[in-house]
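All values below were derived from every heavy atom in this structure, side-chain atoms included, with hydrogens, water molecules and symmetry-related copies excluded. So you know, we letter chains A, B, ... as the sequences are listed, proteins then strands, and number each from 1.
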Number of protein chains: 2
Amino acid sequence: MRKAATIRDVAHAAAVSTATVSKFVNGGQRFSREVEARITAAIQQLGYRTNPLARGMITGRTGNLGIVIMDIRNPHFTSFVKGASRAAAEAGMNLLFADAAESRAPELALLQALLPQVDGLIVSARMPVAVVEWLREWARKPVVFYGGLAPRPGLHSVGCDNHASGLMLGRHLRELGHRRISYVGFGAAPWSKDRWEGLRAAFQGTKASLQCFDVPAPVAEEGERIASSVLLDAQTPEAVVAYNDLLALGLMAEARALGFRVPQQVSIAGFDNIAYGRYTTPSLTSVDTGSEATGEAAARHLLGLLAGESDLALHETIATRLVPRDSTAARGSGSGKP
Amino acid sequence: MRKAATIRDVAHAAAVSTATVSKFVNGGQRFSREVEARITAAIQQLGYRTNPLARGMITGRTGNLGIVIMDIRNPHFTSFVKGASRAAAEAGMNLLFADAAESRAPELALLQALLPQVDGLIVSARMPVAVVEWLREWARKPVVFYGGLAPRPGLHSVGCDNHASGLMLGRHLRELGHRRISYVGFGAAPWSKDRWEGLRAAFQGTKASLQCFDVPAPVAEEGERIASSVLLDAQTPEAVVAYNDLLALGLMAEARALGFRVPQQVSIAGFDNIAYGRYTTPSLTSVDTGSEATGEAAARHLLGLLAGESDLALHETIATRLVPRDSTAARGSGSGKP
DNA sequence: TTGTATGCGTTATCAC
DNA sequence: GTGATAACGCATACAA
């Protein structure tokens, strides 16, 4: 097994200088027919590929985009990564991936490990403020936050309008005649509050009563765990809205296990419109937050920043849309047997 | 904004040579109290971090592990990535991620882009043979295949025993009294056949009749699409086994839409034990293929290869386990209303 | 225990 | 058009 060919090998084989080969490889210059042919042949024959590390040393570019995900098992983030992956691939960039939940190191160490290997970063807007400050001060590379607004003004971000999304879902429930609503939030994400306030806004002027709960992690297990507290509360809710679909899935399963009929006795809804909401019984009403589109937008935004585009908005808003399914209905309606 | 500190800056600030700083940073040598203190202080004050690109040029190591996933939206692969991510993080390595389904480039180009940026690769065993050959010849870096056995002998791989898994599920169905079984396979994955043969083996010596179908992609939509062909076939199956849980999810949804009662009229089961199988109605019987453990094992195996461990088995087998749930039952049993 | 010198593979600058 | 050469930031053999 021989070592990989270098630019010098090519230069030698083609009887030109390394500088010429470099210019040829990177395009943007004209060459004599002769030289062009020789270089092409040499590259072909030696199987030469330019070493991105060496190039990076000079240009300061790695060809990688860094992406830090809070928990890849959440289908919302999975789709997000998929969208970002597509945009990166189209631009010829690689994706350097880190799962914050899996790293035993604190977020800061994680970013420090990622940073020197990437040209820019896509990170969650629910990063600790101290980490964001560090990024702002030390990362001389563009950063795009996702989820909600960046934790500090002046930073780039991509996400949906969470207040509007909450409002949208709230109106849906209001139209169904629900008046006792419980929200199971995830306080660690700042925009959980936005969803909650949007929800409340939808009931402004009505005699509706809204309650707020909170879970320590936005996962199905927590939804199951908190279900009894929510449903057997002094105020029995007519509708339960969860911060995301995973929580909603857990809530719904446990609600049924507790003997509640969904949606006849209690409507349940979430956010994100994950694929599996279609396959539950009843199927899950949700607000589609454009997971994949958000990932794609985040990557494109970052690429724009890298390209030096100056007309980039600080925040990019992704459209959301209500996806009404069977888990929400006017009380007592339907047969309960699909 | 000042540029990032280099080893020279540190050396200068500490009044030592760059070589000394390098040795200090990379450990494995003793220093005088004095020098140690000065270097530590300088590093601290300048916020120095060694540049992995520059280091990589010398050592030939990037600090990255490459991972090529067929479709990150499949929860099986998501868990796989999670496991690999954990193992990589523990070893202080980053994960360079690529989604083959999202790349418009052919697999080969994808690998070529990844290869120079990583120390080793984790790739699906269902890569085209031509690509594997190329890898074998040109990638002078260790590769670990996942899913099933490597496409060529002599290559490292990690995966479960697919034949045994099929057998396990087959016995379960046999014990439930089923005799007309349909398998919805995914021929593009070579081990789909292993599952099928394991399934068949479970019914050897009985008068059972087994049918085989095939889908072009192992996703829920394909399960829905093929459901009517499978269920309304000349031989109405008592049980349908799908290549994976996504297919099973789609099959089950469509089966119910077609008016079939699951599991009273037809049992349905899959492979992988994805999290969402718990939240369907009925909950989905599956064979847990140890998705996350496989990812972790693949990464560890790769790390072992990188560390030059010589006692590494060529193939590592991950344990599987049957997870019986409500979607499989003896015919006519149960009430159908949980 | 510490320092000197060299080279990793590439691009950029400037000369020809 | 093409070539010489100096960086880029670091690790390592070897010298002291």
Side-chain angles (χ1 to χ4, degrees), chain A residues 2-40 42-43 46-64 112-113 115-119 138 140-141, chain B residues 2-43 46-64 112-113 115-119 140-141:
Chain A
R2 60 190 183 288
K3 291 187 59 181
T6 75
I7 202 173
R8 256 186 289 271
D9 299 329
V10 175
H12 186 254
V16 296
S17 76
T18 60
T20 303
V21 177
S22 174
K23 285 167 193 153
F24 178 82
V25 168
N26 295 318
Q29 201 175 115
R30 295 191 51 86
F31 299 89
S32 64
R33 277 251 169 280
E34 171 101 28
V35 166
E36 185 166 335
R38 291 211 308 266
I39 297 183
T40 310
I43 288 180
L46 294 169
Y48 169 74
R49 315 215 78 230
T50 141
N51 180 333
L53 271 68
R55 163 185 286 165
M57 289 220 44
I58 307 266
T59 62
R61 296 217 147 194
T62 64
N64 300 328
Q112 287 176 336
L115 201 52
Q117 307 255 42
V118 302
D119 296 334
W138 292 96
R140 269 165 299 277
K141 301 183 176 172
Chain B
R2 58 191 186 286
K3 291 188 61 179
T6 77
I7 201 172
R8 255 186 292 268
D9 299 327
V10 175
H12 187 255
V16 295
S17 76
T18 61
T20 304
V21 177
S22 174
K23 287 166 192 154
F24 177 82
V25 167
N26 295 320
Q29 201 175 115
R30 295 191 52 84
F31 299 88
S32 64
R33 279 250 168 283
E34 171 101 28
V35 167
E36 183 166 336
R38 289 210 308 265
I39 297 183
T40 310
I43 289 180
L46 295 170
Y48 170 74
R49 315 216 78 232
T50 138
N51 179 334
L53 270 69
R55 164 186 284 165
M57 290 222 44
I58 310 238
T59 62
R61 296 216 149 196
T62 64
N64 300 329
Q112 288 176 335
L115 202 50
Q117 307 254 41
V118 302
D119 296 335
R140 269 166 299 277
K141 301 183 176 172

Can you list, in residue-number order, the parts of residues 19-26 of chain B that come under 4.0 Å of DNA chain D, counting heavy atoms only? B/A19, B/S22, B/N26
In residues 30-42 of chain B, which ones come under 4.0 Å of DNA chain D, going by heavy atoms?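 None - not one residue of the stretch has a heavy atom sitting under 4.0 Å from the strand.
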Taking only N/O atoms, report every protein-nucleotides 6-9 of chain D pair under 3.5 Å with atom names and distance.
residue: D/dG9; atom: N2; partner: B/A54; partner atom: O; Å: 3.4

If you take all heavy atoms of B/G60 and B/D119, which pair is closest and at what distance? O-OD1, 4.0 Å
Do you know the tightest heavy-atom contact between B/S17 and B/A11?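 For B/S17 versus B/A11, the nearest heavy atoms are C-CB, 3.7 Å.
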Integer-rounded Å distance: D/dT12 P and B/R61 CZ: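 Value for this atom pair: 12 Å.
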Show every donor-acceptor pair shorter than 3.5 Å between a side-chain atom in residues 47-56 of chain A and any protein atom, with sequence neighbours excluded, or say none if there are none.
residue: A/R49; atom: NH1; partner: B/Q112; partner atom: O; Å: 3.3
residue: A/N51; atom: OD1; partner: A/L53; partner atom: N; Å: 2.7
residue: A/N51; atom: OD1; partner: A/A54; partner atom: N; Å: 3.3
residue: A/R55; atom: NH2; partner: A/N26; partner atom: OD1; Å: 2.8

Consider side-chain contact (heavy atoms from CB on, under 4.5 Å). Of B/I7, B/T6, B/D9, which one does B/V21 pass it with?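 Of the listed residues B/I7, B/T6, B/D9, the side-chain contact (heavy atoms from CB on, under 4.5 Å) partner of B/V21 is B/I7.
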When you measure from the side chain of A/T40 to the backbone of A/E36, do you find a donor-acceptor pair of N or O atoms at a distance under 3.5 Å? yes
Look at the side chain of A/Q117 and the backbone N and O of B/Q117, then say whether any donor-acceptor pair between them is shorter than 3.5 Å. no
Nearest 0.5 Å please: distance from the [atom1] atom of [X] over to the [atom2] atom of [Y].
X     : Y      : atom1 : atom2 : value
A/I39 : A/K23  : CD1   : NZ    : 10.5 Å
A/S32 : A/R38  : OG    : CZ    : 7.0 Å
B/T62 : B/K141 : OG1   : NZ    : 6.0 Å

Per the ring-ring contact (aromatic ring centres under 6.0 Å, His included) rule, what does the pair list look like for residues 18-38 of chain A, sequence neighbours excluded? A/F24-A/F31
Please give the angle, rounded to 10 degrees, between the axes at the start and the end of the helix from C/dT1-D/dA16 to C/dC16-D/dG1, where five pairs define each axis. 30°
Taking side chain as C-beta onward, heavy atoms only, is A/V10 less than 4.5 Å from A/V25? no
